[in-house]
> 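Before I ask anything, here is the structure I am working with.
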Amino acid sequence: MKQSEFLFPKNFRWGTATSSHQVEGGLTNNDWWLAEQTGGYIYQNQGAGQACDWWNRAEQDFDRMAQMNHNAHRLSIEWSRIEPRQGVWDDEALARYREMLVGLRQRGIEPMVTLHHFTNPLWMVEQGGWENEKVIFWFERYTRKVISALGDLADLWCTINEPNVMISQAYTIGRWPPGKQDLNATFRVMLNLARAHAVAYRAIHEMSPAAQVGIATHIMSWRPRRPWLPLDILATNLIGHLFHFLLLDMVTAGIMRIPGRRSSPVPEAAKTLDWLGVNYYQQYRISFNPFAAGTLFMDLCTQAGVLKGPGGWGEIHPRGIFDTLRMMWNHYRLPIFITENGIPDPTDEQRPQFIVTHLSNLWKALQKEVPVLGYYFWSLVDNFEWTEGYDPRFRFGLISVDPETQERRIRPSGLLYAAICQNGGLTRETVEQYTPSLLPELFSA
Ligand code: FCB
């Protein structure tokens with residue numbers, strides 16, 4: 001589909017996404033810090049350390065966002081700072097977040113605030129974490145505290161980041177703390193997360209009626225490895241249901257549908273989404289494996305000869321963002337934000353093309369009437385990447401960061417994205433300057 005330009009709606013939100021543990025530094029009261037102490041979870045047993053030192057100098061990066069014409073930013077609030085001990089609140093921490101949100105708005109950057117991005121306070125983990133039903137109450141109380149202190153400073157609230165990733169990594173596969181491989185725990189946690197989201201949704205609406213509340217889900221492009229083999233097709237559909245739809249069906253339709261079990265109603269969670277956040281990164285091929293009971297009889301792989309990320313990262317598949325957006329819109333009929341999209345690429349060889357091809361596919365979805373309201377690139381700055389820690393292959397930033405010296409350097413992709421944000425889309429001039437090889441594919445002569 002060749003065009004003369006790819007312009008986006010006037011009020012489209014353009015920005016980047018970050019999370020507290022990955023950028024703030026100095027966090028020693030949550031389960032990822034505990035995982036550092038335990039060892040075995042993170043690349044070379046590293047710790048997040050000072051990360052990007054946002055707790056002390058986020059404003060310097062906010063200046064960079066403004067210079068790069070961003071009008072939005074998605075960041076997260078750290079529960080273990082706000083409530084360092086059960087029922088004990090840290091007003092100074094809340095004041096610092098206030099200062100940060102005000103700082104963003106003063107620079108013309110609208111914050112989207114995530115309440116929970118993977119990390120859990122130690123006091124809560126010590127009592128069973130997300131497996132303990134009391135977490136629903138704890139999460140509501142935390143949400144109310146945050147909204148009473150910060151609710152006036154943001155119109156977009158994301159309750160929980162990627163519950164599907166947290167559940168599968170921490171309770172099904174066991175690569176993340178608490179390192180469990182337990183299907184019963186998996187479904188119990190899922191139910192608690194859906195119910196915690198729902199109480200938070202209601203609390204936010206009660207306290208801040210104009211707020212729009214959503215969840216950010218990780219969506220992958222999944223294909224059967226052998227498209228002619230019914231078992232591979234079945235495995236692909238099953239993982240799609242478990243990973244993409246099971247939790248979202250609870251917070252929309254109010255039903256928990258676990259394959260092979262009787263569906264159970266979760267009426268208290270129904271209709272608790274105003275928008276849906278989609279974190280889209282990659283594509284995998286799925287095959288049925290009768291010997292892989294621990295991964296629900298499924299294997300994940302990538303195809304040879306296709307562009308991939310490092311390590312176990314999947315295939316780079318820009319068309320997948322279009323298919324994903326249409327799939328999610330057809331399923332839920334909710335406005336969508338791309339709450340994350342990005343690529344691990346320390347040399348910035350792939351990132352410029354990645355941005356242009358994903359945005360042209362996002363634009364195509366807009367032409368098909370999918371209501372996409374904004375795009376948050378992952379990430380502004382290189383940061384701490386969970387189990388990959390500071391593995392030099394896993395650099396996601398538009399701006400590179402030296403974790404030792406905190407020195408920043410804008411990458412070419414950062415300049416490209418700045419031009420896109422300024423023009424409100426992809427113009428021929430921008431593509432010609434940064435990704436000329438894509439000109440013939442995108443633009444009419
Ligand atoms: C997502 C996470 C985010 C970041 C990116 C690379 O799954 O939400 O924190 O680590 O992957």
Side-chain angles (χ1 to χ4, degrees), residues 16-58 60-61 75-81 84 93 114 116-122 124-126 129 161-162 165-181 218 279 281-282 308-314 340 342-348 350-351 377-409 411:
T16 56
T18 55
S19 89
S20 54
H21 195 77
Q22 294 176 275
V23 296
E24 283 180 5
L27 291 171
T28 56
N29 193 24
N30 69 32
D31 51 351
W32 275 87
W33 175 83
L34 185 65
E36 291 169 16
Q37 316 309 305
T38 320
Y41 283 104
I42 302 169
Y43 171 77
Q44 294 185 346
N45 284 326
Q46 291 173 340
Q50 280 312 105
C52 307
D53 202 21
W54 269 32
W55 199 243
N56 301 307
R57 53 173 128 179
Q60 295 175 12
D61 281 335
L75 78 174
S76 81
I77 302 280
E78 175 67 28
W79 189 356
S80 70
R81 277 196 201 278
T114 303
H116 186 278
H117 195 122
F118 296 155
T119 50
N120 300 297
L122 285 181
M124 172 263 196
V125 171
E126 279 156 12
N161 179 67
E162 295 188 347
V165 170
M166 188 174 72
I167 297 165
S168 52
Q169 294 287 354
Y171 296 95
T172 323
I173 308 170
R175 284 180 67 220
W176 288 14
K180 294 208 172 170
Q181 296 178 329
H218 192 105
N279 296 356
Y281 287 89
Q282 52 193 325
K308 288 186 269 281
W313 202 260
E340 290 180 26
I343 178 172
D345 179 20
T347 56
D348 213 45
Q350 304 298 337
R351 194 175 287 103
F377 187 77
W378 186 275
S379 182
L380 180 76
V381 278
D382 290 343
N383 55 46
F384 174 80
E385 179 51 30
W386 310 114
T387 48
E388 282 78 20
Y390 295 106
D391 180 336
R393 296 172 303 166
F394 284 82
R395 299 283 152 92
F396 284 89
L398 297 172
I399 298 174
S400 73
V401 177
D402 181 327
E404 303 295 322
T405 62
Q406 291 294 329
E407 193 193 334
R408 269 108 167 118
R409 258 171 226 253
R411 293 191 165 110

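Side chains are part of it too, since the values below use all heavy atoms of this structure and drop only hydrogens, waters and symmetry mates.
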> Check whether Asn29 reaches the backbone of Ser80 with its side chain - one donor and one acceptor, N or O, closer than 3.5 Å.
yes
> Rounded to the nearest 0.5 Å, what's the gap from CD1 on Ile343 to CD on Gln282? Could you check?
10.0 Å
> So do Asp391 and Gln44 actually touch side chain to side chain, heavy atoms under 4.5 Å?
no
> Identify the two heavy atoms, one from Leu122 and one from Thr28, that lie closest to each other, and give their separation to 0.1 Å.
CD1-O, 4.3 Å
> Return the CG to CD distance between Asn120 and Glu126, rounded to the nearest 0.5 Å.
12.0 Å
> When you check the gap from the basic side-chain N to the acidic O, do Asp382 and Arg411 get nearer than 4.0 Å?
yes
> Examine the side chains of Asn30 and Glu78 and answer whether a donor and an acceptor come within less than 3.5 Å of each other.
yes
> Just wondering, more than 12 heavy atoms not from Arg57 lying within 6.0 Å of its CZ?
yes
> Tell me if a side-chain donor or acceptor on Arg351 pairs with a main-chain N or O of Asp345 at a distance below 3.5 Å.
yes
> With heavy-atom distances below 4.5 Å as the criterion, would you say the side chains of Trp79 and His116 are in contact?
yes
> Please report the closest heavy-atom contact between Leu380 and Trp54, naming both atoms and the distance.
CD2-CZ2, 4.2 Å
> Can we call the ring centroids of Trp176 and Phe118 under 6.0 Å apart?
yes
> Using the rule side chain to side chain contact (heavy atoms under 4.5 Å, CB included), only one of His218, Glu340, Met166 pairs with Asn161; which is it?
Glu340
> Can you tell whether the side chains of Arg81 and Glu24 come within less than 4.0 Å, N to carboxylate O?
yes
> For Phe394, does its backbone N or O pair with a side-chain atom of Glu388 as donor and acceptor, under 3.5 Å?
no
> Nearest 0.5 Å, please: how far is CD1 in Ile173 from OG in Ser168?
5.0 Å
> Would you confirm whether Gln37, through its side chain, and Trp33, through its main-chain N or O, come within 3.5 Å as a donor-acceptor pair?
yes
> State, to 0.1 Å, how close Glu404 and Asp402 come at their nearest heavy-atom pair, and which atoms those are.
N-OD1, 2.8 Å
> I'd like to know if the side chain of Glu36 reaches the main chain of Gly47, judged simply by a donor and an acceptor atom lying under 3.5 Å from each other, with no hydrogens or angles considered.
no
> For the CD atom of Glu162 and the OG1 atom of Thr114, what is their distance to the nearest 0.5 Å?
10.0 Å
> What's the shortest heavy-atom distance between Trp378 and His117, and which atoms?
CZ3-CE1, 4.2 Å
> Hey, is the main chain of Tyr390 close enough, under 3.5 Å, to the side chain of Glu385 for a donor-acceptor pair?
no
> Looking only at heavy atoms, what is the nearest atom pair of Tyr43 and Gly389, with distance?
CB-N, 4.2 Å
> Supply the atom-to-atom distance Leu398 CG to Phe377 CZ, rounded to the nearest 0.5 angstrom.
5.0 Å
> Are the aromatic rings of Trp386 and Phe396 close, with centres under 6.0 Å apart?
no
> Between atom CD1 of Ile77 and atom OG of Ser20, what is the distance when rounded to the nearest 0.5 Å?
8.0 Å
> Are side-chain N/O atoms of Thr16 and Ser379 paired as donor and acceptor at under 3.5 Å?
no
> Under 6.0 Å between ring centres: does that hold for His21 and Phe384?
yes
> Within a strict 4.5 Å, meaning less than it, do heavy atoms of the Val401 and Val381 side chains meet?
yes
> Using the ring-ring contact (aromatic ring centres under 6.0 Å, His included) criterion, which residues pair with Trp55? Sequence neighbours excluded.
Tyr97
> Run the salt-bridge test on Asp61 and Arg408 with the 4.0 Å N-O cut-off and return the result as yes or no.
yes
> Of all the heavy-atom pairs spanning Arg393 and Pro346, show the shortest one and how long it is.
O-CD, 3.4 Å
